[in-house]
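Have a look at the structure below before the remarks.
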Amino acid sequence: MAAGTETGTRRSFREMWLVSTLVLFLEAALAVVLIVLFGDVRGTGTGAGAGAGPDTGGGGFGIVFGAVLLPLLLGAVMVPPAAVSAALVVPSVLLGERFAGRAGGPALVWNLLLTAVAAGLVIEPFGSWRECLAGWAGLSVAALIARRARPGERYALRVFLWGLFVVVAVLVFGGLGEATGLIGG
């Protein structure tokens, strides 16, 4: 069987790019939700439960301003995941499939290895091994989910809806847990 044809239909760069971009965006949204719920884990005290002062009100201007600018903000927020997906995730999936076809071994192993190399090359000059490990985890999840994308399927929609469900569920249950005192300090 040729590389990239597990179910007989050819892989599409566009479909894999869309799915991996959505996965990276949902990972970032989940990270934001967790930071809002539990605060910054590095001890800087920037979370909701980290010594927040009294609420000064602020009015509804921020909410209206955010709702008006939401389409522009979403466009700006989607640029980094789209670039990372096009430059690192999809090429590592395609190269992993090609290496599995030529050198042997399962494509999954090649995909994980290539995403680890990509994360190491991009993140290591700017961060520590912990950031490299976190980057590899994020890239490998996006690569593994994008491997299943095929043209003509509604895979991207399913990935987005399930990912949105997970983010909202973490937000709701985390907020309930924090409000009731089960989690948080």
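Hydrogens, waters and symmetry mates are skipped; everything else that's a heavy atom, side chains included, is used.
Looking at S20, its side chain never comes within 3.5 Å of a backbone N or O of A146 through a donor-acceptor pair. W136 places a side-chain N or O within donor-acceptor distance of the main-chain N or O of L112, the cut-off being under 3.5 Å. In this structure a side-chain-to-backbone donor-acceptor pair under 3.5 Å is missing from W110 to A103. For the pair E178 (side chain) and G175 (backbone), a donor-acceptor distance under 3.5 Å is absent.
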With a cut-off of 3.5 Å and sequence neighbours excluded, list every side-chain donor-acceptor pair involving residues 118-126.
none

Under 3.5 Å, sequence neighbours excluded: what are the donor-acceptor pairs made by side chains of residues 155-168?
unit_1	atom_1	unit_2	atom_2	d
Y155	OH	I145	O	3.1

(request) Could you check L114 against F99 for side-chain contact (heavy atoms from CB on, under 4.5 Å), going step by step and ending with a plain yes or no? (result) CA-CA 10 Å; L114 289 171; F99 287 168; 4.0 Å; yes
(request) Evaluate the criterion side-chain contact (heavy atoms from CB on, under 4.5 Å) for residue pair S140 and N111; output intermediate values, then yes/no. (result) CA-CA 8 Å; S140 63; N111 288 335; over 6 Å; no
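Take T180 and apply the side chain to side chain contact (heavy atoms under 4.5 Å, CB included) test, not counting sequence neighbours, and it matches L182.
For F13, the CZ atom sits in a packed shell: over 12 heavy atoms of surrounding residues, nucleotides or ligands are nearer than 6.0 Å.
Interatomic distance, CG of L108 versus CG of L144, reported as 5.5 Å (0.5 Å rounding). The distance from atom CE of M16 to atom CD of E97, rounded to the nearest 0.5 Å, is 8.0 Å.
Contact of the L30 side chain with the V170 side chain is registered, since non-hydrogen atoms from C-beta on lie closer than 4.5 Å.
Considering every non-hydrogen atom in both A76 and P80, the closest pair reads O-CD, 3.4 Å. The nearest pair of heavy atoms linking P151 to S12 is CG-CB, 3.6 Å. Closest non-hydrogen pair, A142 versus E27, comes out as N-OE2, 4.2 Å. A pairwise comparison of heavy atoms in A143 and T115 identifies CB-CG2, 3.7 Å as the closest pair.
Considering V84, V19, V141 as possible partners of L24, the one that fulfils the side chain to side chain contact (heavy atoms under 4.5 Å, CB included) test is V84.
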